[in-house]
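The structure appears below as structure tokens.
For the numbers below, each heavy atom of this structure counts, side chains included, while hydrogens, waters and symmetry mates do not. Just so it is clear: chains get the letters A, B, ... in the order the sequence lines come, proteins before strands, and each one is counted from 1.
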Number of protein chains: 2
Amino acid sequence: MSHHSDRKAETHDRIVRQAAREFRGKGLQGIGIADLMSKAGLTHGGFYAHFGGKDALIEEAATCAAEESIEHLVAAAESAGRRSPVEAMLHYYLHPAHRDNPAEGCVLASLAQEIARQPDVVRKAFTRSLKAHGARLARYMPGDSGEEKLQQFMFLISGMAGALAIARAIAEPTLSNAWLASVRRQYARAFRLMAKKKVP
Amino acid sequence: MSHHSDRKAETHDRIVRQAAREFRGKGLQGIGIADLMSKAGLTHGGFYAHFGGKDALIEEAATCAAEESIEHLVAAAESAGRRSPVEAMLHYYLHPAHRDNPAEGCVLASLAQEIARQPDVVRKAFTRSLKAHGARLARYMPGDSGEEKLQQFMFLISGMAGALAIARAIAEPTLSNAWLASVRRQYARAFRLMAKKKVP
DNA sequence: GCCGTCGTATGATGGGCATCATATGACTTC
DNA sequence: GAAGTCATATGATGCCCATCATACGACGGC
């Protein structure tokens with residue numbers, strides 16, 4: 001019994017992890033159950049032994065993808081060196097390498113718009129992740145109060161996610177790179193000003 | 001002959017306009033040719049007399065949607081009153097009314113992520129629109145040089161689009177509203193600081 | 001070492017979608 | 001007012017996908 005459960009749980013996890021990759025790379029509607037299962041080394045039939053349907057998988061995959069996304073940002077902030085944590089996050093996030101690898105990148109930049117059109121279960125799961133991880137990342141913001149830090153986090157993540165999504169849609173590499181660099185530069189400037197001139 | 005052409009052109013336009021709405025509301029993959037045509041008061045068969053395929057429609061619809069999006073922003077900036085144009089844009093864009101009406105809202109906030117996964121024709125058309133309209137909106141930014149204004153525009157539109165997409169994905173109305181309000185507040189503050197302290 | 005249980009595979013079903021060939025019907029032209 | 005042309009409609013085809021019923025096969029308990 002114990003071996004059986006372990007095996008199932010491992011497979012379940014492998015499917016979710018793979019789905020978190022594929023969905024970010026190709027969109028929620030861009031990949032089907034059969035392809036997903038085969039990418040996980042299985043066939044399509046066993047899927048419904050693990051999940052009630054595609055929605056249920058999306059729910060789990062979104063949560064998993066959100067966790068991965070946050071880990072990258074935390075890692076960047078923690079290894080900031082002499083840069084500020086915010087600048088380190090900007091450097092990681094608004095980088096061509098991140099733009100060119102959506103499958104392993106931030107879920108907000110690749111799936112937020114599609115998640116907005118999903119059933120409530122999915123959006124609820126997304127909301128939970130966002131709240132949990134937001135609190136964790138707000139700690140690196142320069143604001144005085146917790147409330148201000150949280151607002152600054154929303155401000156920062158919104159712009160980074162938006163800029164990355166737009167940079168991915170732009171067909172000219174030069175302009176796409178310039179977009180990333182410009183937004184990064186303006187955010188760095190804004191946060192420098194905010195840190196200096198504390199709330200009036 | 002002339003009447004025929006007029007009729008066809010009008011119908012073509014009606015389809016594109018309707019598509020621009022539906023795509024923003026339901027996603028590029030969220031609505032099919034048949035539904036689209038029936039929403040335009042036609043049946044599915046005649047579609048291929050107007051467009052080479054769905055991609056061709058997406059290309060035209062994206063351009064059309066981008067134009068509509070820009071008009072709203074320009075209108076907001078022009079009727080700013082005693083607010084700054086940037087604050088007026090923030091007020092229009094990061095508003096629950098805009099969040100709750102994606103079909104008539106900004107294309108960046110509803111389709112950028114899906115456009116990023118489209119064939120090159122679509123992304124090229126998107127890029128053209130973005131360049132043209134960006135130049136037009138940059139005029140309202142507070143920067144000293146044209147280059148700085150353009151950077152500030154990228155900074156602003158990225159964050160507004162990202163915030164709106166995230167707010168739409170959040171399942172809790174309270175948090176969603178707070179997200180919009182927070183980002184708006186932080187942008188307003190950032191632009192105030194930027195306008196005061198000109199480039200160092 | 002046999003049996004039952006549980007995880008996975010095979011195969012089938014039904015629906016939705018893009019696409020296209022052909023029919024219809026109106027408007028223009030002579 | 002007849003004939004032809006052009007826009008749209010009807011209907012069909014084939015593909016892909018989510019879902020599910022059933023079959024297989026391995027591993028643990030006895």
Side-chain angles (χ1 to χ4, degrees), chain A residues 1-23 25-62 111 114-115 117-122, chain B residues 1-23 25-62 111 114-115 117-122:
Chain A
M1 177 91 78
S2 64
H3 272 199
H4 276 164
S5 302
D6 280 8
R7 184 174 178 72
K8 182 165 188 180
E10 273 171 33
T11 304
H12 186 101
D13 225 61
R14 204 167 68 245
I15 298 171
V16 171
R17 225 181 287 278
Q18 191 65 38
R21 281 183 55 91
E22 297 294 325
F23 282 146
K26 305 187 181 175
L28 299 178
Q29 311 220 59
I31 185 147
I33 302 292
D35 279 356
L36 252 168
M37 291 294 277
S38 93
K39 290 247 179 191
L42 302 170
T43 57
H44 65 281
F47 177 78
Y48 293 87
H50 289 281
F51 308 94
K54 197 177 183 181
D55 286 354
L57 172 61
I58 291 176
E59 188 186 337
E60 288 194 42
L111 293 179
E114 230 166 330
I115 288 173
R117 297 185 211 103
Q118 292 299 306
D120 234 58
V121 251
V122 175
Chain B
M1 177 90 79
S2 64
H3 271 200
H4 276 164
S5 302
D6 280 7
R7 184 175 179 72
K8 182 164 189 181
E10 273 171 34
T11 304
H12 185 101
D13 226 61
R14 204 168 67 244
I15 299 171
V16 171
R17 225 181 287 278
Q18 192 64 38
R21 280 183 55 91
E22 296 293 324
F23 283 146
K26 306 186 180 176
L28 299 179
Q29 310 219 61
I31 186 148
I33 302 293
D35 279 357
L36 252 168
M37 291 295 277
S38 93
K39 291 247 179 189
L42 302 169
T43 58
H44 64 280
F47 177 79
Y48 292 89
H50 289 281
F51 307 95
K54 197 176 182 182
D55 286 354
L57 172 61
I58 291 176
E59 187 187 336
E60 288 194 42
L111 292 180
E114 229 167 331
I115 288 174
R117 297 189 277 268
Q118 292 299 306
D120 234 58
V121 251
V122 176

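Taking atom NE2 on B:His12 and atom C1' on D:dT8, their separation rounds to 15 Å, with Å as the unit. Atom pair B:Asp13:CG and D:dT8:C1' shows a separation of 17 Å (rounding to whole Å applied). The nearest whole Å value for the distance from the CG atom in B:Leu57 to the P atom in C:dT19 is 10 Å.
Residues satisfying the side chain to side chain donor-acceptor pair (under 3.5 Å) criterion with A:Glu114, sequence neighbours excluded, are B:Arg117. Evaluation of the side chain to side chain donor-acceptor pair (under 3.5 Å) rule for A:Gln18 yields A:Glu22 as partners, not counting sequence neighbours. Under the salt bridge (Lys or Arg N to Asp or Glu O under 4.0 Å) criterion, A:Arg14 pairs with no residue at all, not counting sequence neighbours. In terms of the side chain to side chain contact (heavy atoms under 4.5 Å, CB included) criterion, residue partners of A:Asp55 (sequence neighbours excluded) are, by chain and number, A:Ile58, A:Gln118, A:Pro119. A:Phe51 meets the ring pair (Phe, Tyr, Trp, His ring centres under 6.0 Å) test with A:His12, A:Phe47; sequence neighbours excluded.
One finds the NZ atom of A:Lys26 at 10.5 Å from the CZ atom of A:Arg21 (value rounded to the nearest 0.5 Å).
Between A:Leu57 and A:Leu36, the closest side-chain pair of non-hydrogen atoms falls below 4.5 Å.
With C:dT10, C:dT8, D:dT8 as the candidates, the nucleotide lying closest to the side chain of B:Leu42 is D:dT8.
The side chain to side chain donor-acceptor pair (under 3.5 Å) pairs that include a residue from residues 34-54 of chain B number zero, where partners must be two or more places apart or lie in different chains.
For DNA chain C, none of the residues of residues 25-36 of chain A falls under the heavy-atom distance limit of 4.0 Å. Contacts between residues 44-55 of chain A and DNA chain D, defined by a heavy-atom separation under 4.0 Å, are made by A:His44, A:Gly45, A:Tyr48, A:Gly53, A:Lys54.
Contact between the side-chain N/O atoms of A:Thr11 and the OP1/OP2 oxygens of C:dT8 is found at a separation under 4.0 Å.
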